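For reference, the structure is listed below as structure tokens.
Values reported hereafter were calculated over all heavy atoms of this structure, with side chains retained and with hydrogens, waters and symmetry mates removed. Worth saying up front: this structure is predicted, and the values here are computed from it rather than measured.
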There are 2 protein chains.
Amino acid sequence: MANSASGESIIGRFVKIVSAFDDRHTSMSVAELGRRTGLPVTTTYRLVNDLLLERLLEREPGGDIHIGTRMWELVSRGSKMLGLREAALPFMEDVQAVVQHSTTLGILDSDEVLYIERLGSDKTIVDITKIAGRLPVHATSSGLVLLAHSPAAYQDSFLARPLTKFTETTLTDPALLRRHLAEIRQRGFAAMPGVIVPESSGIAVPVFGPDNTVRAALSVVVPRNEENAAARVPVLLAAARGISRALGWRGELKGTLRQSH
Amino acid sequence: MANSASGESIIGRFVKIVSAFDDRHTSMSVAELGRRTGLPVTTTYRLVNDLLLERLLEREPGGDIHIGTRMWELVSRGSKMLGLREAALPFMEDVQAVVQHSTTLGILDSDEVLYIERLGSDKTIVDITKIAGRLPVHATSSGLVLLAHSPAAYQDSFLARPLTKFTETTLTDPALLRRHLAEIRQRGFAAMPGVIVPESSGIAVPVFGPDNTVRAALSVVVPRNEENAAARVPVLLAAARGISRALGWRGELKGTLRQSH
DNA sequence: GGAGGATTACCATTGAGCGGGAATCCTGAG
DNA sequence: CTCAGGATTCCCGCTCAATGGTAATCCTCC
């Protein structure tokens, strides 16, 4: 599928190049980029030049490369994420204002939770969510909410594989998890104390789309020792309904709970 | 530079494909994509398949294509926009809360203003800014602020070209504009009534980076008939300083105004 | 001045990309 | 049910853009 000796397409290499950048490495020299991607030196330079021409990458004064403005623009403008984000943001602001802890919006992607938006970086508690960052499904409240409202077939396949135990409270037993998911569906929220980092607990509720399937999970991260974290739930539920409605959801149809199991 | 008869590289075609999507067209059939991009049918299908394999594009149940989650993720994670946005967001929320009109953050890119973030979609007034959307520099308060604090050489080249007159108040005369830019630098803000749409006016202030150059413009859009729009300025200035500081700016060095003209 | 790395230049080789054409699948109208 | 028009997939020979090694050049900091 490619001219390359290694059998990669240009697209594949493009992905490698873009993947080399992350929040800790927003810019680097071409040589370093070559090292990080593992691409042949010459090839890296040629490819980078092509990308510079299209402004998908940009060269900064020092010579280092970073992801181009144009790239951000094109992707942002055409992506469906923007719609979701814009629908959610006003409600998230309300939640954040009331709860005073960081509020996140996550979706399910490639068997992980991908965080789309996050408000209020609260230094006082441990919160490892990042925008465009990923966390495992079974070890986050958002993930469990998303999983709980996924098609049964997906749940089965997910629960079939081995799950990492991050802390004492991380659930890894399929049967136990399955019961937990049922509870989450019934109660309408997930409250998980310290399933990924011991010091904080997450509370999450589902956000629905027009077809009444889950689109995202809205959640807050609070200190684990908080008195009654459950008191946070109503605010979240109300906000989630607001977001759902903004997405075109029109109230719960009969059989909302039927979609899973 | 390409195998194609038309002499385009794959990268170029990739750009064409991604560009075919925007906020009004977040998904479409492959055939339509082919039409919009002008690429040969077969080529479109092959290319789309490659992109689907890498998850840069995604196929929805109906068969339509949209920009992939992975694409958004990679670009967002690696892009410097996120840093700017995250630094600005808290302050923008404050501004939005106080001013009660839509608040935007824009940067200068390819001789246009590119809006990075926008809070509060206020239906009561006309505001055509969109996230990842562009507007002309000389017809927006943000644009004029950015231009006013750009290197003199850039200003000269910009003012050398013909400028479109959008409304009665749009400034298009180079000499007049130049004087206006000086005022903006001196006063520290731009207040432009109806320069792009007659009904609303924008107020913008500069945001600085560590090297004391402009990074972005923070602005609000208010109804044009508002009593004293200038009263909004202090809030904006304060917020802009906050953002600048979050970006690593350390107070104004002597010679702040010297950088331009 | 010179060692070590980053960047550019050169160039022979070749298979990935190309795209026209035709077959097949879909879908909605009559 | 049939049929038309469009979307999608298959097929396939041609060809030149992409490849990546080697070597020269440019930096930059001891």
Distances under 3.5 Å only, N/O to N/O: pair up the protein atoms with those of nucleotides 26-28 of chain C.
none

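- Atom-to-atom, CG of A/Leu39 to C1' of D/dG20 comes out at 11 Å; the value is rounded to the nearest Å.
- Only at 4.0 angstrom or more do the heavy atoms of residues 54-68 of chain B sit from any atom of DNA chain C, so none qualifies.
- Partners of A/Thr104 under the side-chain hydrogen bond (donor to acceptor under 3.5 Å, both in side chains) rule, at least two apart in sequence or in another chain, are A/Ser219.
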Inset, instruction - Check the pair B/Asp111, B/Val137 against side-chain contact (heavy atoms from CB on, under 4.5 Å), reporting the backbone distance first and the verdict last. - result: CA-CA 7 Å; B/Asp111 305 328; B/Val137 166; 5.5 Å; no
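- B/Tyr45 has a side-chain polar atom (N or O) that falls below the 4.0 Å cut-off from OP1 or OP2 of D/dT8.
- Partners of B/Glu54 under the side-chain contact (heavy atoms from CB on, under 4.5 Å) rule, at least two apart in sequence or in another chain, are A/Ile11, A/Val15, B/Leu56, B/Arg70.
- For A/Ile10, whose side chain is taken as the heavy atoms from C-beta onward, the closest listed nucleotide among C/dC18, D/dT19, D/dA7 is D/dT19.
- Among residue pairs with one or both ends in residues 64-92 of chain A, none qualify as ring-ring contact (aromatic ring centres under 6.0 Å, His included); sequence neighbours excluded.
- By the 4.0 Å N-to-carboxylate-O rule, A/Lys130 lies too far from A/Asp22 to be salt-bridged with it.
- C/dC18 atom C1' lies 14 Å from atom CD1 of A/Ile11, rounded to whole Å.
- The distance from atom CD of A/Glu32 to atom P of C/dA6 is 9 Å, rounded to the nearest whole Å.
- Helical stems in DNA chain D, defined as runs of 3 or more consecutive Watson-Crick or G-U wobble pairs with both donor-acceptor distances under 3.5 Å, are listed by first residue as C:1-30 with D:1-30.
- For B/Thr164, the side-chain hydrogen bond (donor to acceptor under 3.5 Å, both in side chains) criterion is met by no residue, not counting sequence neighbours.
- For B/Phe158, there are no ring-ring contact (aromatic ring centres under 6.0 Å, His included) partners, not counting sequence neighbours.
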Legend entry - Working for side-chain contact (heavy atoms from CB on, under 4.5 Å), residues A/Arg13 and A/Leu47: CA-CA 9 Å; A/Arg13 302 184 154 197; A/Leu47 228 42; 3.8 Å; yes
At a cut-off of 3.5 Å, list every protein nitrogen or oxygen paired with a nitrogen or oxygen from nucleotides 21-23 of chain C, distance to 0.1 Å.
{"from": "C/dG21", "atom 1": "O6", "to": "B/Thr42", "atom 2": "OG1", "distance (Å)": "3.4"}

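- Contact annotation: A/Arg46 does not reach the phosphate of C/dC11 (side-chain N/O to OP1 or OP2, under 4.0 Å).
- The side-chain contact (heavy atoms from CB on, under 4.5 Å) test applied to B/Thr42 returns no partner, not counting sequence neighbours.
- Between A/Ser29 and B/Leu47, the residue anchored nearer the 5' end of DNA chain C, judged by the nucleotide with its closest heavy atom, is A/Ser29.
- A/Arg35 has its CZ atom 12 Å from the C1' atom of C/dG4, to the nearest Å.
- Under 4.0 Å is where a charged nitrogen must lie from a carboxylate oxygen, and between B/Glu86 and A/Arg118 no such pair does.
- Take A/Arg55 and apply the side-chain hydrogen bond (donor to acceptor under 3.5 Å, both in side chains) test, not counting sequence neighbours, and it matches A/Glu58, B/Asp109, B/Ser110.
- Between the B/Glu73 side chain and the A/Leu114 main chain, no donor and acceptor come within less than 3.5 Å of each other.
- For A/Asp64, the side-chain hydrogen bond (donor to acceptor under 3.5 Å, both in side chains) criterion is met by no residue, not counting sequence neighbours.
- Between B/Arg13 and the phosphate of C/dG19, there is a side-chain N or O to OP1/OP2 separation shorter than 4.0 Å.
- Ring geometry for A/Phe208 against A/His149 counts as perpendicular: the plane angle is over 60°, on a 0 to 90° scale with 30° as the lower cut.
- When distances run from any side-chain atom of B/Val41 to the nucleotides C/dC18, D/dT8, D/dG20, the shortest one goes to D/dT8.
- Spacing between atom CG of A/Asn49 and atom C1' of D/dA18 amounts to 14 Å, rounded to whole angstrom units.
- Dashed line: the shortest gap from a side-chain N or O of B/Thr43 to OP1 or OP2 of C/dG19 is under 4.0 Å.
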